[in-house]
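Report on one structure; see the data block that follows.
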Amino acid sequence: MEKIRVRFAPSPTGPLHIGGARSALFNYLFAKQHDGDLILRMEDTDLERSSKESEENIKDSLKWLGITWDEGIDVGGPHGPYRQTERLDIYQKAIDRLLQDGHAYYCYCSEEECEAERQALMAKGETPRYLGKCRQLTEEEKKQYEEEGRKPVIRFRVPENQMVKIDDLVRGEVTFETKEMGDFIIVKSDGIPTYNFAVVIDDAEMGITHVLRGEEHLSNTPRQILVYDALGLRKPKFAHISLILGKDRSKMSKRHGSTSVVAYKNQGYLPEALVNFLALLGWAPQGEEEIFSLEELIEKFSLERVSKSPAVFDMEKLKWINGHYIRNMPLEHLKEMAVPYLKEAGFLKENSIEEDSLADLVIDTLKNYLSCLGDIKEKIGLFKGTTVTFENDKAKNTLNQEHVPMVVNLFAQKILASEEIKPESVKAVLKNIRKETKLGGGQVFMPIRVALTGQMHGPDLDKLAAILGKDVIIARLKNSAEKIGFAIDF
RNA sequence: GGCCCGUUGGAGAAGCGGCUUAACUCACCAGCCUUUCACGCUGGCAUCCAGGGGUUCGAAUCCCCUACGGGUCACCA
């Protein structure tokens, strides 16, 4: 069987978008599953908006997600170069042929003229399109336009009254009529080909067998098919993936939150979580399980299970998936990733041994409460400062019970007497207090928790105390006692 | 405005004419576990598949119309 060849062909006009990342992922999964190749190509024919910076961002984001390509930018291959602006001579041959065969022609109409034509058509309730004014220009007419200083574009001559059929792998058969189309531009007046043309030449020349891309390209596809046919090129199979929408069901934009992959990276989302989430957007696994590694996705992915309807980007679910990956990640690995966030939160000053073991404890404690590593900054507030603020009256009242001063004093004395404050030692202290006072768990733990944090919930007391350390524990207990107004004896 | 695509619970979705009293996951609610919270576990959460017609012995599944959402019609990709 023929080797599957797919491509991801972004235009480097901005950071890698969530939607682009999903397209890249689906292409990657499809290719790897069939032992095929993924080609990375830059569609940089928009000279104004394309930038090297964007290209770098796209490559970095893909690598971060774990999406690698077998051929293309940076890695090379037999069909290079892989930047469209470096392939101009390749396009030129096809343009010459099209011109020669009468499938294309020079058009001298200005942008303003075309715009006016579109407006007029629109006003009549018809499809705005180019009506073909320059289709049959004589040599004299051309010469005259040239003398006027007009720079021509090259348009593709769309055959009249033809049906163009697309056999889309996810949408089924979709047909378009050429009379709705109008002759489209294949070469701009600056001599650079347009997307609809270059994409065809490249996909054909690079031997692409399957084009998986966003739904926004569906109505461009008939134009491309026309070009394939005019040139006698073999058409790839097409599969158009539905769009990703924001919470309000309109196309996902900055308005809905972050749209670039880097933004999620910076917020402390894990690449495996984002990949997992993205895969679930527009594709559904067969069984009940929804947590998959890249390898598992490669195995399970199938175009038949790609949905035709648009997917809503559900931030809650992303957070859940990310939290799941955080909780299940080996501590070593997690720590490595979390250190920058701890530093940013002002918790870790430097990487001394002592602080490192503290970092272990902090991360191990906090990991159950995080949906992304960026949350560390907020959650770590619990461990900072020597004063206590009660979250509500209920919390405050737990300290107004008769036995509380005794418990708090006892706890403080035992902590002061401890050589070192470790989870195990705190646990032992707590146990002793219960034994000595003969009080129930809730009567011991809750007052201490509130006296320490002002809150009625939070991480295990032993871990919490160990992170706080002797000085902070004592300071906070004193602060609480002061606020409630009971006597201390330590 | 023309053309194209879509519409199953709050969200992602399964479903492909009878096996559906519509899987599963997130969210939400209740219970259990736990010193508390979180995690985890158990259970609940659409009398119905945008609305209306039709085809059929039988429809979420096929057809038509309407409504709504989206895409596209660029010298942007």
Side-chain angles (χ1 to χ4, degrees), chain A residues 9-13 43-46 48-50 84 107 109-111 114-115 118 121-130 151-155 166 168 171-172 174-177 179-182 184-196 198-199 214-223 240 242-243 245 247-251 277 280-291 304-305 307-321 323-324 327 365-370 430 434 440-446 448-450 455-462:
Chain A
S11 42
T13 54
E43 310 217 319
D44 58 348
T45 54
D46 184 343
E48 295 279 303
R49 297 193 301 150
S50 294
Q84 290 189 324
C107 166
C109 296
S110 69
E111 285 183 65
C114 293
E115 181 56 30
R118 282 195 292 269
L121 250 12
M122 190 98 98
K124 284 198 297 182
E126 287 183 52
T127 305
R129 74 207 120 106
Y130 180 69
K151 285 254 182 237
V153 298
I154 299 175
R155 284 185 188 271
I166 304 169
D168 193 282
R171 323 202 81 87
V174 183
T175 56
F176 291 86
E177 295 184 56
K179 68 170 184 223
E180 300 291 340
M181 251 177 260
F184 54 93
I185 293 173
I186 57 174
V187 180
K188 300 182 254 185
S189 58
D190 62 1
I192 306 289
T194 59
Y195 161 76
N196 272 129
V199 72
E215 193 195 274
E216 68 266 31
H217 291 290
L218 184 59
S219 35
N220 276 148
T221 310
R223 275 171 256 276
H240 289 92
S242 62
L243 264 11
L245 308 181
K247 198 126 196 83
D248 59 359
R249 298 196 71 82
S250 69
K251 196 180 176 187
F277 176 67
L280 262 17
L281 246 33
W283 170 78
Q286 197 133 46
E288 301 181 1
E289 195 60 37
E290 288 200 323
I291 297 292
E304 291 75 64
R305 299 189 72 83
S307 160
K308 288 197 264 280
S309 50
V312 174
F313 188 94
D314 183 1
M315 202 58 206
E316 290 306 311
K317 188 148 182 180
L318 204 212
K319 283 183 177 172
W320 174 77
I321 291 179
H324 177 89
R327 287 190 294 277
T365 305
L366 239 35
K367 70 177 184 187
N368 286 326
Y369 301 86
L370 301 175
L430 259 10
R434 287 185 60 183
Q443 288 177 293
V444 173
F445 292 105
M446 199 46 86
I448 294 177
R449 172 181 298 285
V450 174
Q455 299 184 2
M456 299 192 66
H457 53 81
D460 291 341
L461 254 191
D462 49 344

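As the structure is a computational prediction, the values presented were derived from the model and not from experiment. Convention: sequence-line order gives letters A, B, ...; per-chain numbering from 1.
Comparing B:C73, B:A11, B:C5 by their nearest atom to the side chain of A:Asp314 picks out B:A11.
Atoms NE2 (A:His240) and P (B:G6) sit 13 Å apart, rounded to a whole Å. Atom CD1 of A:Ile185 is separated from atom C1' of B:A77 by 14 Å (rounded to the nearest Å). Distance A:Ile166 CD1 to B:C3 P: 16 Å, rounded to the nearest Å. With rounding to whole Å, A:Lys367 atom NZ is found 12 Å from B:A38 atom C1'. In this structure, A:Phe184 atom CZ and B:C3 atom P are separated by 20 Å, rounded to whole Å. Between A:Arg223 atom CZ and B:C4 atom C1' the separation is 11 Å, expressed in whole Å. Atom CD1 in A:Ile186 sits about 16 Å away from atom C1' in B:A77, given to the nearest Å. Distance CH2 (A:Trp320) to P (B:C28): 13 Å, rounded to an integer number of Å.
In terms of heavy-atom proximity, A:Ile166 sits nearest to A:Pro222 at CD1-CD, 3.8 Å.
A salt bridge links A:Lys317 with A:Glu290: the closest approach of a Lys/Arg side-chain nitrogen to an acidic carboxylate oxygen falls below 4.0 angstrom. Of the charged side-chain nitrogens involved, at least one lies within less than 4.0 Å of a carboxylate oxygen, so that A:Glu215 and A:Arg171 count as a salt-bridged pair.
Using C1' as the reference atom, B:C26 and B:G9 are 13 Å apart when rounded to the nearest Å. Straight-line distance between the P atoms of B:C63 and B:G18: roughly 16 Å, to the nearest whole Å.
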Sugar-phosphate means primed atoms, P, OP1 and OP2; the rest is base. With that split, encode nucleotides 29-36 of chain B 5' to 3' as B, S or - using protein heavy atoms under 4.0 Å. ------BB

Once base and sugar-phosphate atoms are separated, protein heavy atoms under 4.0 Å mark nucleotides 66-71 of chain B, 5' to 3', with B, S and - as ---SSS

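Using a 4.0 Å heavy-atom criterion, one finds that A:Asp44 contacts no nucleic acid atom at all. Counting non-hydrogen atoms under 4.0 angstrom, A:Cys109 reaches a base of the nucleic acid. A:Ser242 comes within contact range of no nucleotide atom at all, as no heavy-atom separation falls under 4.0 Å. When heavy atoms are screened at a 4.0 angstrom cut-off, A:Gly282 is found touching the sugar-phosphate backbone but no base atom. When heavy atoms are screened at a 4.0 angstrom cut-off, A:Glu180 is found touching the sugar-phosphate backbone but no base atom. A:Thr175 comes within 4.0 angstrom of sugar-phosphate atoms only, judged by non-hydrogen atoms across all strands, and of no base.
At least one test fails for A:Arg155 against the ring of A:Phe184: distance under 6.0 Å to the centre or angle within 45° of the axis.
Residue A:Tyr195 holds its OH atom at 9.0 Å from CD of A:Gln84, rounded to the nearest 0.5 Å.
Residue order along RNA chain B, read from the 5' end via each residue's closest nucleotide, puts A:Phe313 first among A:Phe313 and A:Asp46. Both A:Leu318 and A:Arg129 lie close to RNA chain B; mapped to their nearest nucleotides by heavy-atom distance, the more 5′-ward contact belongs to A:Leu318.
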Show each protein N/O and nucleotides 14-16 of chain B N/O combination with a separation under 3.5 Å, one pair to a line.
residue: B:A14; atom: O3'; partner: A:Arg305; partner atom: NH2; Å: 3.3
residue: B:G15; atom: OP1; partner: A:Arg305; partner atom: NH1; Å: 3.1

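Heavy-atom neighbours of A:Lys308 NZ from other residues, nucleotides or ligands within 6.0 Å: at or below the threshold of 12.
Listed pair A:Lys188 / B:A77 meets the phosphate criterion, a side-chain N or O lying under 4.0 Å from OP1 or OP2.
A:Asp460 contributes no side-chain N or O that, together with a main-chain N or O of A:Asp462, makes up a donor-acceptor pair within less than 3.5 Å.
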